[in-house]
Amino acid sequence: MAYGLLKGKRGIISGALDENSIAWKVALKASEEGATFTLTNAPVAMRLGAIKELAEATKAEIIPADATVVEDIENLFQKSTEVLGGKVDFILHSIGMSPNIRKGKPYGDLNYDWYQKSLDISALSLHKFLQVAEKQDAINEWGSVVALSYIAAQRTYPFYTDMADAKAMLESIARSYGYRYGKLKNVRVNTVSQSPTKTTAGSGIGGFNSFYDFADKMSPLGNASAEDCASYIITLFSDLTRMVTMQNLYHDGGYSSTGISEEVIELLNK
Ligand code: NAI
């Protein structure tokens with residue numbers, strides 16, 4: 001059911017790779033809720049082609065940008081404000097990648113060039129988005145920026161290796177820039193810490209299926225789906241959450257507050 005929560009709002013949505021992507025669901029819901037937006041992803045992701053379907057379904061223009069390249073981001077903001085006919089009201093940062101995870105490197109044998117790449121793609125890119133937006137004055141007063149995080153920023157998950165460090169940095173950037181942009185333009189910046197979700201990025205983590213099941217059994221409400229995550233993000237883009245900023249918001253069915261569950265005890269007793 002749509003509520004018109006984003007009626008008249010303009011935005012930029014990054015990270016929609018295929019229909020499993022969290023960003024894909026956000027784009028569909030943002031469109032249902034009355035928003036207009038541009039879609040962006042790394043030029044290499046364009047070649048896979050699926051994003052074009054999403055663009056057609058949501059009447060959005062695609063503006064390729066490598067999230068590590070400042071000139072690409074400058075072009076993204078410039079073009080977006082042109083295409084949309086004004087400054088944006090919301091931005092979704094849904095970008096993450098670790099070459100070390102892709103290549104199965106353990107935490108004690110990280111390739112440092114790749115480590116820096118992980119941080120650049122998955123964390124620093126949020127700063128780059130915000131700094132470019134500030135310099136171009138591209139976000140309207142009371143705009144909302146949301147980036148996706150994971151609880152490995154607070155607790156250790158051995159297979160999450162350098163992405164854990166990237167997420168900790170991402171959340172810190174959201175706080176630091178949230179303060180700055182709040183003072184400047186009343187723009188809010190938050191991270192949403194999502195349950196394990198079956199997407200391309202998620203499934204790349206070693207042992208993903210086991211920790212997906214574990215999290216599901218630990219959470220009183222079960223794992224939150226990508227679709228539910230999208231609904232939550234829409235509320236954060238809407239005017240109903242204007243005073244929420246600099247927060248890391250758990251969207252995880254209660255996982256982050258649970259010590260142990262009956263289901264997990266049952267499993268251990270088997
Ligand atoms: P996904 O694989 O569909 O999305 C990741 C996106 O990052 C892709 O669209 C990819 O093309 C984009 N990307 C990678 N390198 C890029 C670059 N250099 N420039 C621009 N874009 C680039 O997977 P998902 O799960 O939807 O990931 C979205 C966000 O959610 C990520 O930040 C991820 O870490 C986070 N997240 C995912 C969870 C999961 O279990 N799937 C759990 C918690 C957070």
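- Side-chain atoms of Asp89 come within 3.5 Å of backbone atoms of Arg10 as a donor-acceptor pair (strictly under, hydrogens ignored).
- At a threshold of 4.5 Å between side-chain heavy atoms, the hydrophobic network of Ile, Leu, Val, Met, Phe, Trp and Tyr places Leu148 and Val189 in two separate groups.
- Distance CD1/Ile95 to CG/Asp120: 11.0 Å, rounded to 0.5 Å.
- In terms of hydrophobic clustering, with Ile, Leu, Val, Met, Phe, Trp and Tyr side chains grouped at heavy-atom distances under 4.5 Å, Leu6 and Trp142 are assigned to different clusters.
- A donor and an acceptor atom, one from each side chain of Asn100 and Tyr107, are nowhere located under 3.5 Å apart.
- Here the side chain of Thr199 pairs a donor or acceptor atom with the backbone of Gly202 at under 3.5 angstrom.
- Here the side chains of Tyr181 and Ile139 are in contact, with some heavy-atom distance below 4.5 Å.
- No chain of hydrophobic side-chain contacts below 4.5 Å, direct or via other Ile, Leu, Val, Met, Phe, Trp or Tyr residues, connects Ile13 to Met97.
- No donor-acceptor distance shorter than 3.5 angstrom exists from the side chain of Ser257 to the backbone of Gly254, with no hydrogens or angles considered.
- Note: the hydrophobic cluster containing Ile22 also contains Ile51 (ILVMFWY, side chain heavy atoms under 4.5 Å, direct or indirect links).
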Dump the intermediate steps for side chain to side chain contact (heavy atoms under 4.5 Å, CB included) on Leu130 and Arg180, then the final yes or no. CA-CA 10 Å; Leu130 288 164; Arg180 182 176 171 83; over 6 Å; no
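- Taking CG of Asp239 as the start and OG1 of Thr241 as the end, the distance is 8.0 Å to the nearest 0.5 Å.
- Side-chain contact, Thr58 with Ser31: no donor N or O sits under 3.5 Å from an acceptor N or O.
- The closest donor-acceptor contact from the side chain of Ser172 to the backbone of Ala168 lies at 3.5 Å or more, if one exists at all.
- Side-chain atoms of Lys9 never come within 3.5 Å of backbone atoms of Phe90 as a donor-acceptor pair (strictly under, hydrogens ignored).
- Between Ser118 and Asp162, the side chains place a donor N or O and an acceptor N or O closer than 3.5 Å (distance only, hydrogens not considered).
- Residue Asp165 holds its CG atom at 12.0 Å from NZ of Lys167, rounded to the nearest 0.5 Å.
- Within 6.0 Å of atom NZ in Lys79, 12 or fewer heavy atoms from other residues, nucleotides or ligands are found, so the atom counts as exposed in its surroundings.
- The two residues Gly96 and Ile121 make their nearest non-hydrogen contact at C-CG2, 4.4 Å.
- No more than 12 heavy-atom neighbours from other residues, nucleotides or ligands sit within 6.0 angstrom of NZ on Lys117.
- The nearest pair of heavy atoms linking Ser238 to Leu5 is CB-O, 3.9 Å.
- Side-chain contact between Thr258 and Pro220 is present, with heavy atoms from C-beta onward closer than 4.5 Å.
- Within a 6.0 Å sphere centred on CD of Glu262, heavy atoms belonging to other residues, nucleotides or ligands number 12 at most.
- Looking only at side-chain heavy atoms (C-beta outward), Leu249 and Leu236 come within less than 4.5 Å of each other.
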Start with the C-alpha distance between Gln194 and Ser149, add both sets of side-chain angles, then the distance that settles side chain to side chain contact (heavy atoms under 4.5 Å, CB included), and finish with yes or no. CA-CA 6 Å; Gln194 162 67 4; Ser149 195; over 6 Å; no
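- With hydrogens and angles left out, the side-chain atoms of Asp252 and Ser195 include no donor and acceptor closer than 3.5 Å.
- A donor-acceptor distance shorter than 3.5 angstrom exists from the side chain of Ser14 to the backbone of Leu92, with no hydrogens or angles considered.
- Of the inter-residue distances, the one linking Gln136 atom CD with Lys87 atom NZ reads 11.0 Å to the nearest 0.5 angstrom.
- Side-chain contact check for Tyr177 and Glu134: at least one donor-acceptor pair (N or O, by modelled atom type) lies under 3.5 Å.
- Under 3.5 Å, the side chains of Asn186 and Glu141 contain a donor-acceptor pair of N or O atoms.
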When you look at Ser225 and Thr197, which way does the side chain to side chain contact (heavy atoms under 4.5 Å, CB included) test go after all the steps? CA-CA 7 Å; Ser225 68; Thr197 314; over 6 Å; no
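- Between Glu33 and Lys7, every side-chain heavy-atom pair lies at or beyond the 4.5 Å cut-off.
- Side-chain N or O atoms of Glu82 include none that pairs as donor or acceptor with a backbone N or O of Ser80 at under 3.5 Å.
- The pair Asp228-Lys25 does not meet the salt-bridge criterion, since no charged nitrogen lies less than 4.0 angstrom from a carboxylate oxygen.
- No side-chain donor from either of Glu61 and Thr38 sits under 3.5 Å from a side-chain acceptor of the other.
- Residues Asn20 and Thr200 form no side-chain contact, since every pair of their non-hydrogen atoms from C-beta on lies 4.5 Å or further apart.
- The two residues Ala152 and Ala164 make their nearest non-hydrogen contact at O-CB, 3.4 Å.
- Side-chain N or O atoms of Glu74 include none that pairs as donor or acceptor with a backbone N or O of Val132 at under 3.5 Å.
- Between atom CG of residue Asp216 and atom CG of residue Asn223 there is a gap of 4.0 Å, rounded to the nearest 0.5 Å.
- The side-chain hydrogen bond (donor to acceptor under 3.5 Å, both in side chains) test applied to Thr81 returns no partner, not counting sequence neighbours.
- Residues Leu184 and Ile173 share a single hydrophobic cluster, defined by chaining ILVMFWY side chains whose heavy atoms lie under 4.5 Å apart.
- Other members of the cluster containing Tyr255 are Ile101, Tyr150, Ile151, Tyr157, Phe159, Tyr160, Met163, Ile205, Phe208, Phe211, Tyr212, Phe214, Met218, Tyr250, Ile260, Val264, Ile265, Leu268, with ILVMFWY side chains joined at under 4.5 Å, either directly or via other members.
- Remark: the backbone N or O of Asp18 is paired with a side-chain donor or acceptor of Ser21 at under 3.5 angstrom.
- Between Glu32 and Tyr3 there is no side-chain heavy-atom pair separated by less than 4.5 Å.
- A distance of 13.0 Å separates CG of Leu76 from CD of Glu71, quoted to the nearest 0.5 Å.
- Within the 3.5 Å criterion, the main-chain N or O of Val145 finds no donor-acceptor partner in the side chain of Arg188.
- Lys103 is listed as a side-chain neighbour of Trp114, based on a closest heavy-atom distance under 4.5 Å.
- Under a cut-off of 6.0 angstrom, the local environment of CD in Gln78 is crowded, with over 12 non-hydrogen atoms contributed by other residues, nucleotides or ligands.
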Working note: Glu171 + Thr191, criterion side-chain hydrogen bond (donor to acceptor under 3.5 Å, both in side chains); need CA distance, chi angles, decisive distance, verdict. CA-CA 6 Å; Glu171 291 178 14; Thr191 49; 4.7 Å; no
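- The shortest side-chain heavy-atom distance between Asp66 and Pro43 falls under the 4.5 Å cut-off.
- Under 3.5 Å, the side chains of Ser125 and His93 contain a donor-acceptor pair of N or O atoms.
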